[in-house]
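What follows is a short report on a single structure.
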Amino acid sequence: MIDVNLAPVCGLYCGGREFFGETCAGCGRLDGKPFWTAQLSAGVCPLHDCCRNRKRLEHCGLCPDFPCKTFLALRDPNMSDEVFNKSLADRKAALQRREEIGAEAWLNEKAAQ
Ligand code: SF4
Ligand code: SF4
């Protein structure tokens, strides 16, 4: 059975993903606190915190304020503008697809790619 924690609020797909040489368990399993959030004063991803903890939504694409300033501003500082803009477009499309077919079907699609 598909683990829905592999579908975080931001539109990424966490299956088999590696960050900086470390394997991340997925922020859904880690309550929005993957390793990089140790660098933030709040200690939690602002997207996960807002979407799951405050608004109680499955993902940001279901939010009436989407894409909010926080969504548009959160980025890896090592990313070029070009890579970031592509990532934003891909994540917006992924969230729209998730809304259309549901997280489980979307994860099955991603796993098959
Ligand atoms: S940006 Fe936030 S919501 Fe998206 S995968 Fe990373 S920790 Fe999870
Ligand atoms: S306000 Fe922004 S971060 Fe919060 S759920 Fe909406 S789109 Fe996501």
Side-chain angles (χ1 to χ4, degrees):
M1 186 164 143
I2 283 284
D3 180 354
V4 291
N5 288 322
L6 296 177
V9 305
C10 65
L12 283 177
Y13 170 60
C14 290
R17 200 169 261 271
E18 282 205 3
F19 295 95
F20 310 114
E22 298 183 45
T23 303
C24 177
C27 60
R29 283 196 201 126
L30 301 171
D31 203 21
K33 298 169 185 168
F35 64 91
W36 65 268
T37 59
Q39 300 162 25
L40 305 178
S41 57
V44 59
C45 169
L47 302 184
H48 183 98
D49 194 33
C50 177
C51 189
R52 291 266 165 94
N53 298 341
R54 279 186 259 149
K55 297 201 168 189
R56 305 279 172 197
L57 295 171
E58 184 209 313
H59 61 76
C60 284
L62 301 174
C63 171
D65 301 324
F66 176 79
C68 71
K69 275 193 216 163
T70 308
F71 190 95
L72 295 173
L74 187 70
R75 65 185 281 178
D76 178 341
N78 297 316
M79 261 185 189
S80 67
D81 287 349
E82 187 185 2
V83 172
F84 178 65
N85 288 333
K86 165 98 172 53
S87 155
L88 265 183
D90 287 349
R91 286 185 291 124
K92 284 180 186 171
L95 292 177
Q96 190 174 12
R97 182 74 178 147
R98 266 169 72 179
E99 189 173 354
E100 284 165 10
I101 66 172
E104 285 198 33
W106 179 78
L107 281 166
N108 280 318
E109 267 188 5
K110 297 299 285 184
Q113 284 173 4

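It should be emphasised that the depicted structure is a prediction, and the values quoted were computed from it without experimental measurement.
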By side-chain contact (heavy atoms from CB on, under 4.5 Å) - contacts of Leu40 (at least two apart): Trp36, Thr37, Pro46

May I ask you to establish whether Arg91 and Phe71 are in a cation-pi arrangement, using a distance under 6.0 Å from NZ or CZ to the six-membered ring centre and at most 45° from the ring axis? yes

At what distance, to the nearest 0.5 angstrom, does OG of Ser80 lie from CG of Asn85? 8.5 Å

Check side-chain contact (heavy atoms from CB on, under 4.5 Å) between Arg97 and all other residues, then give those that pass, not counting sequence neighbours. Glu100, Ile101, Trp106, Glu109

Close side-chain approach of Leu74 and Cys45, heavy atoms under 4.5 Å: yes

Listed by chain and number, what are the side-chain hydrogen bond (donor to acceptor under 3.5 Å, both in side chains) partners of Asn53, not counting sequence neighbours? Asp49

With rounding to the nearest 0.5 angstrom, report the CG to CG distance, Leu88 to Leu72. 6.0 Å

Got a second to check how far Leu6's CG is from Leu12's CG, nearest 0.5 Å? 11.5 Å

Please name all residues satisfying side-chain contact (heavy atoms from CB on, under 4.5 Å) with Lys86, sequence neighbours left out, ordered by chain then number. Asp90

So Arg52 and Leu57, do their side chains get closer than 4.5 Å, heavy atoms only? no

Which side-chain N or O atoms in residues 25-34 pair as donor and acceptor under 3.5 Å with protein atoms at least two apart or in another chain?
residue, atom, partner, partner atom, Å
Arg29, NE, Asp3, OD2, 2.8
Arg29, NH1, Ala25, O, 3.0
Arg29, NH2, Asp3, OD2, 2.4

Pairs of donor and acceptor atoms involving the side chains of residues 58-70, under 3.5 Å and at least two apart or interchain, shall be tabulated with distances.
residue, atom, partner, partner atom, Å
Glu58, OE2, Arg98, NH2, 3.2
His59, ND1, Gly61, N, 3.0
Asp65, OD2, Lys55, NZ, 2.9

